[in-house]
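Have a look at the structure below, then the notes.
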Amino acid sequence: MQPYVTVQVALPELEGGAITDASVFVGTWNSIQFGEPGVGQANDGAIPGWYETDLYAGASVELDHRWTVSGAYYRYLSPADSFKGYNDLELIVSYDDTALWERTGLPNGFSLSPRVRMVQETGKPGLADALYIEPRITVGMNVGGGDNPLHLAIPLAAGFSDTYYHAADGSTPAFGFFRTGVTLSGTPLPHTASSLRVSGGIDLWFPNGETLSGLDSTNIVAKLGLDWTL
């Protein structure tokens, strides 16, 4: 289980010119496991099974209704004592390309949603600071008729880093993984709870076989999610 909550506050006083939206946010993301963690990690802290809790705060700016630039600070902790705490500085640049495809004959809501996520990891005990880069596109489209269609999303992402990934021979491969999959999401109660979305699907992970990730050459992860915006 991965429960999370984000509190976001709009900053309309900053809007004007190229800036079409601005906000600040704080939140927490958590990973609760019902089995032992992998890669020989401990599970004997104050709350066994609570593998990870992340505390974060940041700001986001939208430019010309299409570009979004988001920066955040993360503090990673493990109540199960599976790892020692460390920090991340994150920058995400994304582009909403939906309007580019509206008159092309492609399915309604088609988009590629290109995004680049860059993370500078700092303070991880016993390891050098690492820069992580994840380019991603997500092929998305609406499926089904009516005024409440489902949304289909197919992510295509890859992970790269200078020193984050480690191989058995002591080297640090630049390529870490490729990820794809498929997700369907929709609003089951459009009239009474329009901000409640349900999603489900699978992720397919293809880690670099040279890295010490504790994963097989191919991993399939089934997922089910609930998102509710208040």
Side-chain angles (χ1 to χ4, degrees), residues 4 6 8-25 27 29 56 58-72 89-120 131-161 174-191 193-206 221 223 225-229:
Y4 67 93
T6 300
Q8 186 168 346
V9 179
L11 301 175
E13 62 272 15
L14 298 182
E15 297 178 17
I19 298 178
T20 50
D21 194 14
S23 62
V24 293
F25 55 86
W29 181 96
Y56 55 87
S60 177
V61 175
E62 181 187 79
L63 304 173
D64 195 28
H65 297 288
R66 294 186 179 183
W67 293 93
T68 300
V69 180
S70 173
L89 298 174
E90 175 189 73
L91 177 67
I92 297 176
V93 179
S94 57
Y95 179 70
D96 183 358
D97 63 325
T98 306
L100 301 179
W101 312 102
E102 290 179 348
R103 300 181 181 179
T104 61
L106 292 168
N108 181 38
F110 180 87
S111 65
L112 296 178
S113 301
R115 187 185 91 153
V116 176
R117 177 175 181 246
M118 295 167 283
V119 178
Q120 178 63 58
L131 175 64
Y132 170 80
I133 300 176
E134 180 187 303
R136 185 180 79 181
I137 63 171
T138 302
V139 181
M141 65 191 74
N142 295 330
V143 295
D147 58 358
N148 187 33
L150 295 174
H151 188 73
L152 173 70
I154 302 173
L156 302 168
F160 303 89
S161 179
F175 171 66
F177 69 88
F178 173 76
R179 177 175 70 90
T180 185
V182 61
T183 299
L184 275 174
S185 61
T187 304
L189 304 170
H191 302 296
S194 60
S195 62
L196 175 65
R197 292 191 66 83
V198 178
S199 62
I202 60 171
D203 281 343
L204 302 177
W205 293 81
F206 301 92
V221 180
K223 59 183 182 180
L226 297 174
D227 288 273
W228 188 16
T229 301

After noting the C-alpha distance and the side-chain angles of T6 and Y56, does the key distance pass the side chain to side chain donor-acceptor pair (under 3.5 Å) rule?
CA-CA 9 Å; T6 300; Y56 55 87; 2.5 Å; yes

Can you tell me how far the [atom1] atom of [X] sits from the [atom2] atom of [Y], to the nearest 0.5 Å?
X    : Y    : atom1 : atom2 : value
L150 : N142 : CG    : CG    : 9.0 Å
S161 : I133 : OG    : CD1   : 8.0 Å
S113 : I137 : OG    : CD1   : 9.5 Å
L189 : H191 : CG    : NE2   : 9.5 Å
M118 : I92  : CE    : CD1   : 9.0 Å

Grab the two heavy atoms, one from [X] and one from [Y], that are nearest each other, plus how far apart they are.
X    : Y    : value
R197 : H151 : NH2-CB, 4.1 Å
S111 : T98  : CB-OG1, 3.7 Å
P190 : S194 : O-CB, 3.3 Å
A22  : I19  : CB-CG2, 4.4 Å
V198 : P188 : CG2-CG, 3.7 Å
S199 : T183 : CB-CG2, 4.0 Å

Walk me through whether L152 and V182 qualify under side chain to side chain contact (heavy atoms under 4.5 Å, CB included).
CA-CA 7 Å; L152 173 70; V182 61; 3.2 Å; yes

Kindly indicate whether the side chain of [X], heavy atoms from C-beta on, has any atom under 4.5 Å from the side chain of [Y].
X    : Y    : result
V9   : F25  : no
Y132 : R117 : yes
E15  : T20  : no
V143 : L184 : yes
L100 : Y95  : yes
F110 : V139 : yes

Within the 3.5 Å criterion, strictly below it, is a donor on T68 or E62 matched to an acceptor on the partner's side chain?
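T68 vs E62: no donor-acceptor pair found between side chains.
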
Just checking, any donor-acceptor pair under 3.5 angstrom between side chains of S195 and W228?
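Yes - a donor-acceptor pair under 3.5 Å links their side chains.
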
Checking [X] side chain against [Y] main chain: does a donor-acceptor pair fall under 3.5 Å?
X    : Y    : value
T138 : A153 : no
T180 : P155 : yes
D64  : R66  : no
S94  : R115 : no
N148 : T187 : yes

Is there a side chain to side chain contact (heavy atoms under 4.5 Å, CB included) between V24 and L11 once you walk through the steps?
CA-CA 7 Å; V24 293; L11 301 175; 3.7 Å; yes

Excluding sequence neighbours, so at least two apart, what forms salt bridge (Lys or Arg N to Asp or Glu O under 4.0 Å) with D203?
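Applying salt bridge (Lys or Arg N to Asp or Glu O under 4.0 Å) to D203 gives R179, K223.
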
Please determine which of F177, F175, F178 meets the ring-ring contact (aromatic ring centres under 6.0 Å, His included) test together with F160.
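Of all the options given, the one that passes is F175.
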
For T104 and E102: C-alpha separation, side-chain torsions, deciding distance, then whether side chain to side chain contact (heavy atoms under 4.5 Å, CB included) applies.
CA-CA 6 Å; T104 61; E102 290 179 348; over 6 Å; no

Just to verify, what does W29 make a side-chain hydrogen bond (donor to acceptor under 3.5 Å, both in side chains) with, not counting sequence neighbours?
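Listed in chain order: nothing, the list is empty.
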
